J.: 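First the structure, which I've put down as structure tokens, then a few questions once you've had a look.
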Amino acid sequence: MSNEQQHSKRTGTDRRGFLTGGAALAAGALFSPANNQAQGSTQPAQGRPVPNQGEFPVKAISSANGREATRIAYELLTKGKDTLDACVAGVTVVENDPNDTSVGYGGLPNEEGVVELDSAVMHGPSHSCGGVASIRNIKNPAQVARLVMKTTDHVLLVGEGAKRFAIANGFKEENLLTERARKAWLRWKHSLSRSDDWVGEMGAEDPDITAAFNGRPTGTIHCAGINSSGDISCCTTTSGLAWKIPGRVGDSPIIGAGLFCDNDIGSCGSTGRGEANLKNLCSFAAVELMRNGMSPEEAGLEVLKRVADNTPDRLRDSNGRPNFGLNFYLLSKDGRHAGVTMWGPGRFAITDKDGTRHERSAALYERRAAPRR
Ligand code: ASP
């Protein structure tokens with residue numbers, strides 16, 4: 001029996017008891033799924049009804065680079081596939097895409113030119129999770145993270161240990177550095193200083209390399225899904241901050257930061273400046289705010305405000321606002337969803353009964369268009 005199954009078996013009733021007892025007391029009048037089921041349908045979560053069993057609005061949301069991921073995840077969700085398997089299948093396509101320089105194969109490397117990946121998964125129905133950090137030469141870290149969750153008693157494996165675990169489980173070791181990513185990395189090295197031995201502006205004439213280089217590129221994919229039973233899972237996978245110090249781990253593989261879900265409340269995941277998220281444990285905080293009655297959008301904007309308040313001076317612009325990007329993607333059990341961003345305009349991807357599309361994220365701050373001369 002897997003850890004996940006053991007966990008579900010062990011905690012099914014305890015967990016419910018906790019939610020209707022301790023958590024409810026802690027948060028005041030709380031939305032209680034156990035009560036919902038007992039009473040048939042629509043016990044409000046601070047005023048919001050949840051759907052009947054089997055009638056939850058099926059949807060998958062992700063960061064803007066995950067349109068195709070949400071389409072795939074949604075299709076699997078509607079076919080009755082496990083919610084986490086659906087999300088992992090979605091992000092696998094992006095991990096395999098050499099043109100997405102923020103995730104998996106083709107991701108931008110660390111300062112030594114080596115691609116290091118971070119990923120974590122969380123399965124709502126069993127409240128289990130797994131992650132890998134700083135893993136090298138393995139293209140699909142989200143699948144490895146899912147195996148950590150399913151086949152070990154651990155939550156997070158890092159570096160060499162994570163790679164050996166993946167290889168032992170049949171994953172192929174391969175070079176993840178594409179030519180495009182290698183050239184973008186070299187261009188970065190050339191741009192560092194005028195007083196070193198790298199001369200010229202390597203790759204400046206190549207628009208493709210310039211696009212991949214783009215200063216200090218960031219990016220990640222988070223994908224979350226809810227099925228018609230109201231089960232929720234999510235995963236986050238990334239090559240992390242480009243040109244990072246080897247061994248640097250961002251927010252993506254850290255449960256509570258890069259992602260979190262509570263099957264009775266909802267989920268949240270992030271992209272953007274991982275260090276800011278790590279200092280505020282934003283995904284966990286956002287789910288707790290939803291537990292206390294906030295909508296996904298309100299919860300996401302509230303955690304962004306906390307990040308803004310806690311930002312050190314060296315990371316503020318001349319108006320005192322954070323000079324970095326941070327985004328959250330949120331789902332709530334009652335069927336609502338939102339994307340929020342520190343700096344708008346921003347967008348996220350979604351597939352639901354109305355199709356696959358981008359929607360606009362709510363922004364804490366809006367970037368003004370450059371004034372016309
Ligand atoms: N959150 C990722 C990290 O800090 C990077 C990103 O999403 O841009 O590693």
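Whatever order the structure lists them in is the order used to number ligands and atoms, beginning at 1. Note that this is a predicted model, so its numbers are computed, not measured.
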J.: Taking 4.0 angstrom as the limit, do Glu160 and Arg164 come out as a salt bridge?
T.: yes
J.: Who's touching ligand 1 if we go heavy atoms under 4.0 Å?
T.: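 Within the 4.0 Å shell of ligand 1, which is judged on heavy atoms, sit Thr218, Gly219, Thr220, Gly240, Leu241, Arg248, Gly250, Asp251, Ser252, Thr271, Gly272, Gly274.
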J.: Quick test of your reading: applying ring-ring contact (aromatic ring centres under 6.0 Å, His included), list the pairs with at least one residue in residues 310-339, sequence neighbours left out, ordered by first then second residue.
T.: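 Listed by first then second residue: His337-Phe348.
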J.: Working note: Arg306 + Asp309, criterion salt bridge (charged side-chain N to carboxylate O under 4.0 Å, His left out); need CA distance, chi angles, decisive distance, verdict.
T.: CA-CA 5 Å; Arg306 290 184 189 176; Asp309 288 347; over 6 Å; no
J.: Quick one: list whatever passes side chain to side chain contact (heavy atoms under 4.5 Å, CB included) with Asp354, sequence neighbours left out.
T.: Asp352, Arg357
J.: Is the backbone N or O of Gly250 less than 3.5 Å from a side-chain atom of Asp118, with the two atoms forming a donor-acceptor pair by type?
T.: yes
J.: Using the ring pair (Phe, Tyr, Trp, His ring centres under 6.0 Å) criterion, which residues pair with Phe284? Sequence neighbours excluded.
T.: Phe260
